[in-house]
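Just below is one structure, and these are the notes that go with it.
Note on naming: letters A, B, ... go to the chains in the order of the sequence lines (proteins, then strands), and numbering restarts at 1 for each one. Given the structure is predicted, the values throughout are model-derived calculations rather than measurements.
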There are 2 protein chains.
Amino acid sequence: MGIREPLSEMACGLPHALDVMGERWSFLILRAAFNGLYHFEEFSQELGIARNILSNRLARMVENGVMVRTPCETDRRKVEYRLTEKGLGLLPAMLALRQWGERYTENFNTGLVLVDCRDGLPVQPITIRAHDGRELSWHELGWQTPDKVGQPVDRGSEAHSADKAPDKIENFG
Amino acid sequence: MGIREPLSEMACGLPHALDVMGERWSFLILRAAFNGLYHFEEFSQELGIARNILSNRLARMVENGVMVRTPCETDRRKVEYRLTEKGLGLLPAMLALRQWGERYTENFNTGLVLVDCRDGLPVQPITIRAHDGRELSWHELGWQTPDKVGQPVDRGSEAHSADKAPDKIENFG
DNA sequence: CAAGACTAGTTGCGAATCGCGACCTATAAA
DNA sequence: TTTATAGGTCGCGATTCGCAACTAGTCTTG
């Protein structure tokens with residue numbers, strides 16, 4: 001990581017997530033892995049990524065526990081890269097990103113729809129939900145200290161009018 | 001984007017999403033914006049990012065419709081950067097990434113909990129849900145052509161045993 | 001109104017990263 | 001035994017990043 005310290009600050013999971021997955025190609029490699037690819041040459045051909053970069057990213061994902069690297073039993077030239085449970089855990093994030101990309105790409109060609117295998121019906125758009133399942137928007141969210149969980153949060157009547165902010169009204173991150 | 005063509009292939013929203021948000025700092029700037037910051041100097045101080053990079057990223061986000069840039073009425077030295085609806089639409093993706101980062105960061109210090117303002121109860125972990133709300137894992141998902149939506153998908157009995165893959169069994173992306 | 005301070009940048013330059021092609025090693029197939 | 005394949009590494013030019021310094025408008029203060 002060298003000089004990149006600022007990404008590693010604590011109390012927010014985003015820096016760590018970006019540290020692991022924030023480099024160019026990482027998410028596309030992940031997508032390919034979810035696609036069922038697991039050999040070096042497969043990733044290389046599918047993505048058209050430079051070999052040294054691919055090598056670097058795969059090593060990094062292994063190092064960070066997103067993938068495991070195992071020599072192939074039946075053909076010892078080959079190596080298998082497989083998603084770990086931690087890697088599989090990135091599916092909601094990747095899908096949310098994808099859905100966003102699809103929604104806001106004009107003339108997006110809906111070639112294939114992600115569905116529940118069982119009934120072939122499309123999955124829902126990914127949303128943020130309250131404990132009881134209600135869908136929540138940004139304005140309905142707030143931060144609470146662990147000891148005060150269960151107490152309503154006052155967000156200071158929405159700081160979003162110009163020049164009101166004396167300091168951070170609410171802390172979303 | 002010059003030579004970066006491979007990211008812009010169609011039929012998948014991820015390349016577009018990464019094109020817009022995949023550069024270093026973009027997601028942290030987004031987080032800061034969700035935090036209620038909207039001035040150049042605020043972002044600069046909060047993130048410790050180089051000024052030229054910040055300038056570049058903000059311009060890019062404006063260009064891509066994630067933020068709008070408006071000169072401040074009351075102090076014309078200042079400029080306001082605000083999230084558009086498109087920008088707000090990134091909240092599920094950002095939160096999914098954050099939750100993943102939190103979950104897999106050891107000794108993660110849970111300083112603040114994201115809650116529903118109304119009752120102060122924590123939001124759910126972000127998941128993928130079927131049309132009827134059932135939570136779905138990777139193994140239960142498949143791709144279907146639009147005209148065949150509603151027909152169950154056979155994923156070829158899970159390609160994930162070594163050396164079976166003659167070709168892509170199922171196409172997750 | 002003039003002198004300073006503040007905001008939002010831009011510019012230049014060295015350092016780090018990316019992308020391409022060539023090369024290398026171990027294994028498998030002909 | 002020769003050739004092909006898989007998974008890399010190495011070197012080098014092009015791009016991007018990070019830092020510090022500088023600039024152009026716009027308040028603010030005396």
Side-chain angles (χ1 to χ4, degrees), chain A residues 1-8 15 18-29 32-33 37-63 67-82 162-163 165-166, chain B residues 1-8 15 18-29 32-33 37-63 67-82 162-163 165-166:
Chain A
M1 275 26 85
I3 240 90
R4 300 191 169 182
E5 289 295 344
L7 286 191
S8 304
L18 294 173
D19 215 33
V20 174
M21 295 300 299
E23 288 169 303
R24 191 157 148 71
W25 293 109
S26 296
F27 260 98
L28 291 172
I29 291 169
L37 308 192
Y38 35 76
H39 297 298
F40 189 93
E41 299 294 337
E42 289 177 318
F43 290 114
S44 176
Q45 286 171 34
E46 171 81 12
L47 300 173
I49 176 178
R51 304 175 69 80
N52 54 346
I53 305 297
L54 176 57
S55 177
N56 176 288
R57 294 297 180 278
L58 288 170
R60 225 170 132 54
M61 289 170 106
V62 169
E63 193 183 330
M67 288 182 149
V68 282
R69 195 199 111 112
T70 36
C72 189
E73 288 297 317
T74 56
D75 183 345
R76 293 221 301 266
R77 289 173 300 181
K78 292 187 183 177
V79 166
E80 284 180 22
Y81 290 96
R82 288 169 181 286
D163 277 303
Chain B
M1 265 33 65
I3 241 89
R4 299 191 169 182
E5 290 293 345
L7 286 190
S8 305
L18 293 173
D19 215 34
V20 174
M21 295 301 299
E23 288 168 301
R24 192 158 150 70
W25 294 109
S26 295
F27 260 98
L28 291 172
I29 292 169
L37 309 191
Y38 35 76
H39 296 298
F40 188 94
E41 297 296 335
E42 288 177 319
F43 290 114
S44 175
Q45 286 172 34
E46 172 80 13
L47 300 173
I49 176 178
R51 304 175 70 78
N52 54 346
I53 305 297
L54 176 57
S55 177
N56 176 290
R57 293 297 179 280
L58 288 171
R60 223 170 132 55
M61 289 170 105
V62 168
E63 193 184 329
M67 289 183 147
V68 281
R69 193 197 110 114
T70 36
C72 188
E73 288 296 317
T74 57
D75 183 345
R76 292 220 302 263
R77 290 172 301 182
K78 292 187 183 175
V79 165
E80 284 181 22
Y81 290 95
R82 288 168 180 286
D163 277 302

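When distances run from any side-chain atom of A:Ala50 to the nucleotides C:dT27, C:dG19, D:dG8, the shortest one goes to C:dG19. Distances were taken from every side-chain heavy atom of B:Val79 (C-beta onward) to each of D:dA6, D:dG18, C:dA8; the shortest belongs to C:dA8.
Between B:Trp25 and D:dC17 there is no side-chain polar atom (N or O) within less than 4.0 angstrom of OP1 or OP2. Side-chain N/O atoms of B:His39 include one lying less than 4.0 angstrom from OP1 or OP2 on C:dA8. Distances shorter than 4.0 Å separate some side-chain N or O of A:Ser55 from OP1 or OP2 on D:dT9. Side-chain nitrogen and oxygen atoms of A:Arg57 include none within less than 4.0 Å of the OP1 or OP2 phosphate oxygen of C:dG19. Contact check, A:Tyr81 against D:dA6: no side-chain N or O comes under 4.0 Å of OP1 or OP2. Residue A:Arg24 places none of its side-chain N or O atoms closer than 4.0 Å to OP1 or OP2 of D:dT15.
With sequence neighbours excluded, the residues forming a side-chain contact (heavy atoms from CB on, under 4.5 Å) with B:Ser55 are B:Phe40, listed by chain and number. Applying the side-chain hydrogen bond (donor to acceptor under 3.5 Å, both in side chains) criterion to B:Glu41, with sequence neighbours excluded, gives B:Arg51. Applying the side-chain hydrogen bond (donor to acceptor under 3.5 Å, both in side chains) criterion to B:Arg77, with sequence neighbours excluded, gives B:Asp75. B:Ala59 pairs by the side-chain contact (heavy atoms from CB on, under 4.5 Å) definition with nothing, not counting sequence neighbours.
Rounded to an integer number of Å, the gap from CD of A:Glu42 to P of D:dG7 is 8 Å. Atom C1' of nucleotide D:dG7 and atom CD of A:Glu80 are separated by 14 Å, given to the nearest angstrom. Atom CG of A:Leu54 is separated from atom P of C:dC20 by 13 Å (rounded to the nearest Å). We find that CD1 of A:Ile49 is positioned 13 Å from C1' of D:dG8, with the value rounded to whole Å.
Rotation axes derived from the C1' atoms of the five outermost pairs at either end of the helix from C:dC1-D:dG30 to C:dA30-D:dT1 lie 10° apart, to the nearest 10°.
For the side chain to side chain contact (heavy atoms under 4.5 Å, CB included) with B:Ser44, the lone residue among B:Ile53, B:Leu37, B:Leu54 that qualifies is B:Leu54.
Here the side chain of B:His39 pairs no donor or acceptor atom with the backbone of B:Tyr81 at under 3.5 angstrom.
A salt bridge between B:Glu23 and A:Arg24 is absent, with no side-chain N of the basic residue lying under 4.0 Å from a carboxylate O of the acidic one.
Among all heavy-atom pairs drawn from A:Met21 and A:Phe27, the shortest one is O-CD1, 3.5 Å.
The residue B:Arg51 sits close to a base: some heavy atom pair falls under 4.0 Å. Note on B:Phe43: nothing from the nucleic acid sits closer than 4.0 angstrom, heavy atoms only.
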Shorter than 3.5 Å, N or O on both sides, protein versus nucleotides 28-30 of chain D: list them out with atom names.
none

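A residue-by-residue look at B:Glu41 and A:Ile53 shows that B:Glu41 has its nearest nucleotide of DNA chain C further toward the 5' end.
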